[in-house]
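Here is the naming used below: chain letters follow the sequence lines, and residue numbers restart at 1 for every chain. Below, all heavy atoms of this structure are taken into account, side chains as well, without hydrogens, waters or symmetry copies.
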Amino acid sequence: MAQPKRYLITAALPYANGLKHLGHLAGAYLPADIYVRYLKAQKRDVVFVCGSDEHGTAIPIQAMKEGTTAQAIIDKYHPIIEQNFKDLGIEFDIYHRTSSPLHHETAQEFFTALNKKGDLQIKETEQYFDEATSTFLADRYIKGTCPNCGYENAFGDQCERCGTSLSPEMLINPVSTLSGNIPIKKSTKHWYLPLDKHEDFLREWILNEHGNDAAANEAWRSTVLGQCKSWIDGGLQPRAVTRDLDWGVKVPLKDAAGKVLYVWFDAPIGYISATKQWALDNQKNWEPYWNDKETKLVHFIGKDNIVFHCIIFPVMLKLHGNILPTNVPANEFMNLEGDKMSTSRGWSIEMDDYINDWIKKDNGGPQLADTLRYYLTQIAPETKDSEFTWKGFQDANNSELVSIFGNFVNRALVLMHKLCGGKVPPLHADHLDNIDRKLVEEIKLAKDRIENLLEQYKFREALFEVIDLARKGNKYLQEKEPWKKNPVDEKHLIDNCLHICLQLTANLAVLINPFLPNTAKKMLYLLKVVDKILDWENAGSMKLLSVGYTLRAPELLFRKIEDTEIEVQIQKLNASKMEKESQEPLPPPEGHSRTGVAGSQLPVTNTLKDGIVFDDFAKVDLRIGTIISAKKVEKADKLLQLEVDLGFEKRTIVSGIALHFNAEDIIGKQVTVVVNLAPRKMKGIESNGMILMAEDKTGKLHFINPEGKIDEGSTVS
RNA sequence: GGCGAGGUAGCUCAGUUGGUUAGAGCACAGGAUUCAUAACCCUGAGGUCGGGAGUUCAAAUCUCCUCCUCGCUACCA
C-alpha cells in the first residue's frame with residue numbers, strides 16, 4: 001500500500017477540570033506519542049495535536065464549588081496538565097486549548113457551514129427555565145430527588161450517588177442551583193445533528209470499509225468495530241448541537257442569544273483549531289492536513305470516546321467536507337490493583353503524583369519516566385481491560401529493564417573498556433562465525449518486525465521485540481564469553497564480539513527511542529554519537545559506530561526499585577481511598593465523561609428536605625408486613641416481586657432491591673411498607689406499595705424493621 | 001433482559017483461513033557461570049484452552065446452549 005503523504009495524529013483532549021491519571025496516559029497519550037515518535041524517526045510528515053477541552057457544564061460547576069470562575073479553573077488545570085505531559089515525555093507539536101479565540105472562530109465557522117447547507121435540524125422543546133436569573137438551565141444546573149435511590153441532590157443528567165442516568169424531567173422536586181428557585185418549563189429552540197440520516201454512510205464506511213475483512217483499508221480493532229455496530233444497530237438519534245448556557249462557544253446566529261455549542265460538538269473541532277495554531281506558529285499550511293485525501297488521520301482515544309470519534313465526529317467531518325480518520329485505535333480501560341481507576345474515589349494514580357514521587361526525586365529523573373512508559377506500554381489495554389499493579393511495575397523495571405536491557409548495555413560497555421581499551425574494536429570479517437552472522441541477521445529482522453507491529457498499533461508486542469533483541473544480545477555474550485578469551489591469540493574474537501555488541505547497543509537505542517526517548521538519549525550520550533543516529537533508517541545497520549572511536553565510561557541506564565518504595569505507594573493509595581470514603585456522601589462507583597477523557601468530580605452535600613407539618617406526615621400510612629414470597633422479575637436486573645403479608649391483606653410489591661438481596665434470603669423478613677401509595681406498574685406487574693430501605697454510605701441497602709417480630713399490619717408513626 | 005468485547009499455565013498475554021505432543025515473557029525450581037545492577041545463560045515443572053453438547057478424519061479455533069467479567073442500553077418511585 002502506498003505510504004500516506006502526511007499524517008495528522010490526535011490524542012483525546014483532556015477535560016480541564018482536574019488532574020489526569022495513568023489510565024488516561026496509557027489509553028491515549030502514550031500510544032499516540034510512541035506512534036508519532038516512530039513516524040518522525042521515519043522522517044514522515046506528521047503533526048501531533050492535543051489540547052485542553054475547556055467547555056461544558058462541569059467546569060462552571062467546578063468553579064461554583066471552588067468559589068471561583070470557570071476561567072480560573074481552566075487557567076489552573078491547563079498548564080498543569082500540559083507540564084505533566086512534558087515531564088512524561090509526551091511531545092505534542094501543539095498543546096492548544098478550546099478557550100482560545102482561534103478555536104471559537106473555527107467551531108463557529110464549522111457550525112455555520114453545516115447550518116447553511118441545511119445539515120442541521122431545528123427543534124423547539126420545553127426546558128426548565130430559572131425566572132430569577134432569566135436563564136435556561138442546563139441539566140447539571142438542576143438538582144432534585146433521584147427517582148431511583150431517593151438521593152436529594154441528584155443532578156439533572158445523573159445521580160451522583162447511584163450513578164443512574166437521568167433527564168431533568170425525571171427529578172422529583174427540581175430546584176435551580178443558580179437561585180434555589182423552582183424552575184418553570186419554557187419553550188426553547190435548538191439545533192440538532194440528524195445522525196439518523198447518516199446511518200447508511202456509517203454502516204458502509206465503518207463496517208465494510210474498515211471491517212474485519214477490509215481488504216484495501218486498515219481493519220479497525222474488533223472492540224471498536226463492535227461498539228460502532230452496537231450503536232448503529234441500536235438506531236441513531238438526532239443529537240442537540242446547541243444548548244442554553246453561557247460558558248462555551250457562542251452560537252453564531254442572531255436569534256441564538258444565550259446559546260453555546262454543545263461541548264461534544266466543539267471539542268473535536270479543537271483538533272482542527274489546534275492544527276491551525278500549529279500552522280501559524282510554524283509558517284505552515286494547515287489545510288492539507290484536514291482536506292487532502294492523502295493525509296492519514298488517526299485518533300488515539302480511550303474506549304469511552306469511541307462513539308464520538310467513530311460515529312459523531314466523522315459525520316461532522318463528512319458534512320463539512322473534511323477527510324475521515326483512517327483508524328481510531330481506541331484502548332480499553334486500565335484498572336488499578338483490582339479495581340477501576342477513579343479520581344473521585346481516591347483510587348487512582350495521577351500523572352502529577354507519579355511525577356512528584358518518582359521523576360522529581362533525586363533518585364528518579366527522566367529514567368523513571370521511561371520506566372512508567374515501559375510498564376504502561378507492556379500492559380496497554382489494547383484488546384481488553386488490563387491492570388496496573390505496583391508489584392507489576394516493580395517487576396517490569398527490575399527483571400526486564402534492569403536485568404535484560406540495561407544489563408546488556410552495561411555489559412557491552414564495561415567489557416569494551418576492559419578488553420578493548422575503551423574504543424570501538426575493529427571487525428575482522430574473515431573470522432565471523434555463524435553465531436555472529438545470526439545475531440546480525442536478528443537485528444535486521446527485529447527492525448522489520450517492530451516496524452510492522454507499530455504500523456498496526458501493536459505497541460505492546462513491538463516493545464517486547466525490542467527487549468527480546470536485548471535478550472539475544474545477552475545470550476550472544478554468554479555464548480561468546482569474550483572475558484575468557486586469550487587477549488593476544490584470540491584478540492580478533494574479542495574484537496568481533498564487542499564490535500557486534502556495541503553496534504547492537506546503538507541499534508537498541510534507535511529501536512527503543514519511540515518508546516523510551518530518555519533512555520535512547522542517555523545511550524547516545526554513552527556512545528558519544530549525535531541525535532541523527534536515531535533516524536529509523538539506521539536500524540539494522542552494523543555501521544553506526546566508527547571503529548577506534550572512544551566511548552564514555554559506562555553508566556547504569558536504570559536503577560532497581562526496592563520493595564519498600566512499592567509498599568509506600570500501596571499505602572498511599574489505600575490512604576487516599578480511605579480519605580475519600582470518609583467524605584460524605586460517597587461519589588458513584590463509576591462514570592466516564594461523554595466528551596473529554598476524564599470523569600468529573602462533583603460536589604455533593606447533604607441538605608435536608610423542606611419542612612412539613614404533622615398533617616403532611618400523617619398522610620403516609622406505614623405498616624409492618626412480612627415478606628412471604630419473593631422472586632426475581634424477568635428481564636429486569638434490579639427488581640424483585642414480593643408478596644407481603646400485612647395482616648389485613650396480602651399484597652404484591654415490586655421493589656428495586658435485587659442487586660442487594662437474593663430472593664430466597666429475605667423471605668420471612670419483616671419490613672416497613674408504605675401502604676397507601678398509588679399503585680404503579682413495572683414490567684407489567686402492578687406494585688401496591690413501597691418497602692422502606694435505609695442506605696448506608698457505601699450504598700448498601702438495609703431493611704427498616706421492628707426490633708423483634710410483631711404482628712403484621714402494625715402501624716408505624 | 002438486549003447489544004458489544006472478553007474468559008488460554010500462579011501473573012500478563014500470543015494463538016492467522018479448524019491440522020503434527022497448545023506458545024511467549026515474568027514469577028517459580030534445578031543447573032551452569034562470574035564480564036555485568038546476586039544481573040546474565042541453560043534446563044525444568046506448570047494448562048481437560050470458563051462449562052456442556054454438536055459438526056468433522058481432526059476444534060482453543062466452526063454451530064448451539066450455559067456460567068462469569070467489563071462496557072453500552074432497558075428496567076428503577
Side-chain angles (χ1 to χ4, degrees), chain A residues 145-150 159 162 164-166 170 172 213 221-235 302-304 306-307 332-333 335 340 375 378-389 391-392 394-404 406-419 458 460-461 463-464 467-468 470-471 473-485 494 497-498 501 554-560 590 592 632-640 654-659 674 677-678 680 682-685 687 689-691:
Chain A
T145 301
C146 173
N148 179 43
C149 69
C159 173
C162 67
T164 305
S165 295
L166 303 170
M170 294 161 79
I172 303 162
D213 45 359
R221 287 184 178 168
S222 63
T223 47
V224 176
L225 286 171
Q227 254 200 64
C228 290
K229 189 171 184 302
S230 184
W231 277 94
I232 297 171
D233 289 349
K303 70 173 166 185
D304 52 333
I306 289 176
V307 64
E332 302 285 290
F333 288 149
N335 295 322
K340 255 189 260 291
Y375 182 50
Q378 195 214 44
I379 59 164
E382 289 173 3
T383 55
K384 52 185 150 189
D385 290 357
S386 69
E387 178 142 331
F388 182 106
T389 61
K391 183 81 179 74
Q394 182 192 21
D395 279 350
N397 180 75
N398 290 358
S399 53
E400 289 168 34
L401 282 182
V402 173
S403 300
I404 296 170
N407 187 35
F408 170 73
V409 172
N410 190 45
R411 291 174 87 184
L413 290 169
V414 168
L415 283 170
M416 182 269 301
H417 276 89
K418 284 191 177 169
L419 307 175
K458 294 184 177 174
R460 209 172 42 199
E461 233 180 301
L463 181 55
F464 173 82
I467 298 299
D468 204 45
R471 185 176 284 116
N474 278 318
K475 210 170 204 164
Y476 172 79
L477 267 181
Q478 198 62 34
E479 279 177 297
K480 289 287 180 178
E481 298 183 310
W483 54 89
K484 281 191 177 171
K485 299 283 186 268
I494 296 174
C497 174
L498 269 300
C501 283
E555 279 175 38
L556 298 179
L557 289 179
F558 304 99
R559 71 167 180 88
K560 284 214 159 196
E590 54 223 280
H592 290 277
K632 192 116 171 16
V633 175
E634 299 268 310
K635 300 185 182 182
D637 285 351
K638 298 182 183 172
L639 299 184
L640 286 185
V654 179
S655 182
I657 57 173
L659 294 179
V674 181
L677 191 67
R680 184 184 165 94
M682 278 176 274
K683 285 285 168 192
I685 303 160
S687 179
M690 176 177 153
I691 310 279

_Does B:C70 have OP1 or OP2 under 4.0 Å away from a side-chain N or O of A:Thr223?_
no
*Round to a whole Å and report the spacing from CZ of A:Phe464 to P of B:G25.*
6 Å
*asked:* Counting C-beta onward and ignoring hydrogens, is there a side-chain heavy-atom pair between A:Tyr375 and A:Asp395 closer than 4.5 Å?
replied: no
_Under 3.5 Å on both distances, the Watson-Crick or G-U partner of B:C26_ = B:G10
*P-based separation of B:U8 from B:C41 [nearest Å]*: 28 Å
*Roughly how many Å is it from CD in A:Gln227 to C1' in B:C3, rounded to a whole number?*
11 Å
*asked:* Give me the distance, rounded to whole Å, that separates B:C76 from B:A60 when you measure between the P atoms they each carry.
replied: 45 Å
*asked:* Could you tell me if the side chain of A:Leu415 sits less than 4.5 Å from the side chain of A:Trp483, heavy atoms only?
replied: yes
*Select base, sugar-phosphate, or nothing to describe what A:Glu332 touches, counting heavy atoms under 4.0 Å on all strands.*
nothing
*Can you sort out the partners of A:Asn335 under side-chain hydrogen bond (donor to acceptor under 3.5 Å, both in side chains), two or more places apart, ordered by chain and number?*
none
*A:Trp231 side chain, from C-beta outward: closest of B:G71, B:A24, B:C72*: B:C72
_A:Glu400 CD to A:Asp468 CG distance, which is reported to the nearest 0.5 Å_ = 10.5 Å
*For each nucleotide in nucleotides 30-42 of chain B, reading 5' to 3', give B when a protein heavy atom comes within less than 4.0 Å of its base, S when such contact involves only the sugar-phosphate, and - otherwise.*
---SSBBB-SBSS
*Encode nucleotides 12-17 of chain B as B, S and - characters from 5' to 3', where the letter depends on protein heavy atoms closer than 4.0 Å: B to the base, S only to sugar-phosphate, - to neither.*
-SS---
